[in-house]
S.K.: 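Handing you this structure, nothing more for now.
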2 protein chains.
Amino acid sequence: MPHSPLIRMFNARAHLTPDEEAALRSLPMQVRAIKAKQNVVREGDRPTRSFALLEGNACTYQNLDSGNRQIMAFHVPGDVPDLQSLHLSYLDHSVGTVGPCTVGFIDHADLQRICRDFPRIAAGLWRLTLIDACIFRAWISNLGARKADSRAAHLICETVVRMDAAGQVENGRLSWPVTQADLADALGISIVHVNRTLTQLRTAGLMTLQRGTLTVSDWPRLKDLGEFGSEYLHLSSDKDHSRPELN
Amino acid sequence: MPHSPLIRMFNARAHLTPDEEAALRSLPMQVRAIKAKQNVVREGDRPTRSFALLEGNACTYQNLDSGNRQIMAFHVPGDVPDLQSLHLSYLDHSVGTVGPCTVGFIDHADLQRICRDFPRIAAGLWRLTLIDACIFRAWISNLGARKADSRAAHLICETVVRMDAAGQVENGRLSWPVTQADLADALGISIVHVNRTLTQLRTAGLMTLQRGTLTVSDWPRLKDLGEFGSEYLHLSSDKDHSRPELN
DNA sequence: CGCACTCTTGACCGAGATCAACATTCGTGG
DNA sequence: CCACGAATGTTGATCTCGGTCAAGAGTGCG
């Protein structure tokens, strides 16, 4: 059961043979619960294992000398946020929990073994890191070329689609325990302006984000405002067609 | 000879056995010269080959619906900017030349073959894409958390270190034919403000960028302003120690 | 029940955008 | 080799989005 989010993540993007799925399920994994707002790994670490996020929400961030924190990714169940440490010893970023989480640690040795024995799993993991890179590029465009409201809308759209692929969305509603301070660090705007921007989106009837619950009320206009298209997430099922209730 | 930039790129980050180097050198590669400001691949393409940048400078960018262009990476000789297309059919970005370039196209079939026969080359290529992701993360921090002057300084520092690793820097001077409009699209600020920012850096005696030539005149202060540390580039040789003239 | 965290709103400020005009450089064909 | 038009770079004036400061209101946890 603990491996399910990982399997789901794979299956949303590639196709596993029964052999491969069995191999993944038999990966030794040390499962641990982690409280909200804790670091799982820290910039500068040289981990000997990676971890899969099994439940809850986490984020990847960097602390700058100037004291600012920049969040560069939010993670959904099934993600393996520090998979890169398998090939790059020096970790360039920290990963922290947003709300309470369950994570599963997997030794690099076991990952290496499964990659050797199942080349298609190795290719699949590579693929996952390439999709992460697509998401990073989308964030670069978001931060560099959009203004605050559009930027927020794009982030929210991305979150909804990814959380949906992870099976966390019901009736356009999902649990997303980010604070406005977190959003400020992710969007590169001040906390005060996050508040004003969210108020504006809510008043316009696009969505609400209150007490950790995100509700989308007008998906088409939200998509439009955020110039959002889901292709870059490389999910085989296009949300727009498979989940008409969000249209 | 055409394969040299590629070999150099590998050797700067990993170690190739003679066998592996020979295999890379024997990769069939279709070499072509491309004029400045041309696209090599376009967003939405589904390429059947990747290409290595052999000479010149290129950039990865996305065009947004709003008409803005966001540049998300500048490439140096040895880079394989669209390596991801080996595993992700849909290309989420375009790659265009900045100045005149020489590129070498390599069929995916040949890449797949060399990955199968030389697992360490496969791992090395994966590693290269992971390093690209590190660079994207650094850009996210740059765009989200720094102001214009610091942002420009960081980009310039990154460019100098990467171009140096590619053997393109002499006496803190290198050819970098970007226009101020290109920099505006990369830094997420207006052309006018790029001009003012560069003027400011030049007046402060940190660097000059004129007629396609970048000259660093005060590396420590430039690094400091850009909060730049080169670890995230994962170059085995730390520039600060190996190239004391830049200190 | 009380303290700390989070959210909200208002007033004011400033980095950078936009608009406009002009200068310089470069590439091209005559 | 020169002339000319287009691309690029420069500078000033004005405007605006979003930052900063400040104070109060919820909310939730120990």
Side-chain angles (χ1 to χ4, degrees), chain A residues 35-38 57 64 66-71 96-100 142-155 175-203 207-214 225, chain B residues 35-38 57 59 64 66-71 96-100 142-153 155 175-204 207-215 225:
Chain A
K35 290 208 192 70
K37 293 173 200 300
Q38 306 295 310
N57 291 91
L64 305 197
S66 51
N68 293 354
R69 176 176 78 143
Q70 179 66 42
I71 292 179
T97 59
V98 170
N142 208 29
L143 289 167
R146 296 196 183 99
K147 31 178 77 81
D149 54 350
S150 180
R151 222 183 271 189
H154 191 277
L155 171 58
S175 161
W176 196 38
V178 291
T179 64
Q180 295 187 356
D182 292 332
L183 290 177
D185 288 344
L187 295 171
I189 61 182
S190 68
I191 297 181
V192 170
H193 203 61
V194 166
N195 187 288
R196 295 195 162 112
T197 304
L198 291 181
T199 303
Q200 178 193 327
L201 295 186
R202 175 160 25 85
T203 307
M207 61 100 231
T208 63
L209 175 54
Q210 260 149 358
R211 253 156 286 144
T213 297
L214 173 62
L225 177 59
Chain B
K35 290 208 193 69
K37 292 172 200 302
Q38 306 295 309
N57 292 91
C59 66
L64 305 197
S66 52
N68 294 355
R69 177 177 78 143
Q70 178 66 43
I71 292 179
T97 57
V98 170
N142 207 31
L143 288 168
R146 297 198 182 98
K147 31 178 81 74
D149 54 350
S150 180
R151 221 183 271 188
L155 172 57
S175 161
W176 197 37
V178 291
T179 64
Q180 295 187 356
D182 293 332
L183 290 176
D185 288 344
L187 296 171
I189 60 182
S190 68
I191 298 180
V192 170
H193 203 61
V194 166
N195 187 289
R196 294 192 163 115
T197 303
L198 291 181
T199 303
Q200 179 194 326
L201 295 185
R202 175 160 24 85
T203 307
M207 61 99 233
T208 63
L209 176 53
Q210 260 150 357
R211 252 156 287 146
T213 298
L214 173 63
T215 311
L225 177 60

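Order of the sequence lines sets the chain letters (A, B, ...), proteins ahead of strands, with each chain counted from 1. Keep in mind it's a predicted model, so treat the numbers as computed, not measured.
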S.K.: Please identify each residue that fulfils side chain to side chain contact (heavy atoms under 4.5 Å, CB included) with K147(B), with sequence neighbours left out.
M.R.: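 K147(B) satisfies side chain to side chain contact (heavy atoms under 4.5 Å, CB included) with D149(B) once adjacent residues are dropped.
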S.K.: Without swapping roles, check the side chain of S175(B) against the backbone of T213(B) for a donor-acceptor pair under 3.5 Å.
M.R.: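 Here the side-chain-to-backbone pair does not exist.
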S.K.: Residues in side chain to side chain donor-acceptor pair (under 3.5 Å) with T197(A), at least two apart?
M.R.: none
S.K.: Evaluate the side-chain proximity of V192(A) to Q180(A): yes if any heavy-atom separation is below 4.5 Å, no if none is.
M.R.: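 Q180(A) vs V192(A): side chains apart.
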S.K.: Just the rounded figure in Å: distance from P of dC17(D) to CZ of R146(A).
M.R.: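 My rounded result for the distance is 18 Å.
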S.K.: I need the full list of salt bridge (Lys or Arg N to Asp or Glu O under 4.0 Å) pairs touching residues 190-202 of chain A, with sequence neighbours left out, sorted by first then second residue.
M.R.: none
S.K.: List in chain and number order the residues that pass side chain to side chain contact (heavy atoms under 4.5 Å, CB included) with A181(A), two or more places apart in sequence or in another chain; answer none if no residue qualifies.
M.R.: T179(A), I191(A)
S.K.: Considering only nitrogen or oxygen atoms on both sides, find all protein atoms under 3.5 Å from nucleotides 6-15 of chain D and state each distance.
M.R.:
from, atom 1, to, atom 2, distance (Å)
dG9(D), OP2, Q180(B), N, 2.7
dT10(D), OP2, Q180(B), NE2, 2.8
dT10(D), OP2, N195(B), ND2, 2.9
dT10(D), O5', N195(B), ND2, 3.3
dG12(D), N7, R196(B), NH2, 2.5

S.K.: How about L214(B) and M207(B): do any of their side-chain heavy atoms sit closer than 4.5 Å?
M.R.: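 Of all side-chain heavy-atom pairs linking M207(B) with L214(B), at least one is under 4.5 Å.
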S.K.: Assign G212(B) to base, sugar-phosphate, or nothing according to its heavy-atom contacts below 4.0 angstrom with the strands shown.
M.R.: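 No contact at all - G212(B) keeps every heavy atom at 4.0 Å or more from the nucleic acid.
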S.K.: Using the side-chain contact (heavy atoms from CB on, under 4.5 Å) definition, which of the options L209(B), D182(B), T199(B), I189(B) pairs with V194(B)?
M.R.: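 Going through the options one by one, the only one that passes is I189(B).
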S.K.: With each end axis built from five pairs of C1' atoms, what bend angle do you get for the helix from dC1(C)-dG30(D) to dG30(C)-dC1(D)? Round to 10°.
M.R.: 60°
S.K.: Shoot me the first and last contacting nucleotide of DNA chain C against chain A, ordered 5' to 3', at under 4.0 angstrom to non-hydrogen atoms.
M.R.: dT6(C) to dA11(C)
S.K.: Do V178(B) and N57(B) make a side-chain contact, defined as non-hydrogen atoms from C-beta onward lying under 4.5 Å apart?
M.R.: no
S.K.: Using the side chain to side chain contact (heavy atoms under 4.5 Å, CB included) criterion, which residues pair with A153(A)? Sequence neighbours excluded.
M.R.: L222(A), L225(A)
S.K.: Using a 4.0 Å heavy-atom cut-off, write out nucleotides 25-30 of chain D from 5' to 3' as B (base contacted by protein), S (sugar-phosphate only) or - (no contact).
M.R.: --SS--
S.K.: Expressed in angstrom and rounded to an integer, what is the separation of L187(A) atom CG from dG19(D) atom C1'?
M.R.: 15 Å
S.K.: Within the distance-only criterion (no hydrogens, no angle test), does the side chain of Q38(A) pair as donor or acceptor with the backbone N or O of G96(A) below 3.5 angstrom?
M.R.: no
S.K.: Quick one: which residue pairs count as a salt bridge (Lys or Arg N to Asp or Glu O under 4.0 Å) with a foot in residues 184-194 of chain A, not counting sequence neighbours?
M.R.: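 Salt bridge (Lys or Arg N to Asp or Glu O under 4.0 Å) check on residues 184-194 of chain A returns R69(A)-D185(A).
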S.K.: Taking only residues two or more places apart in sequence, or in another chain, which ones meet R146(B) in a salt bridge (charged side-chain N to carboxylate O under 4.0 Å, His left out)?
M.R.: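 E227(B).
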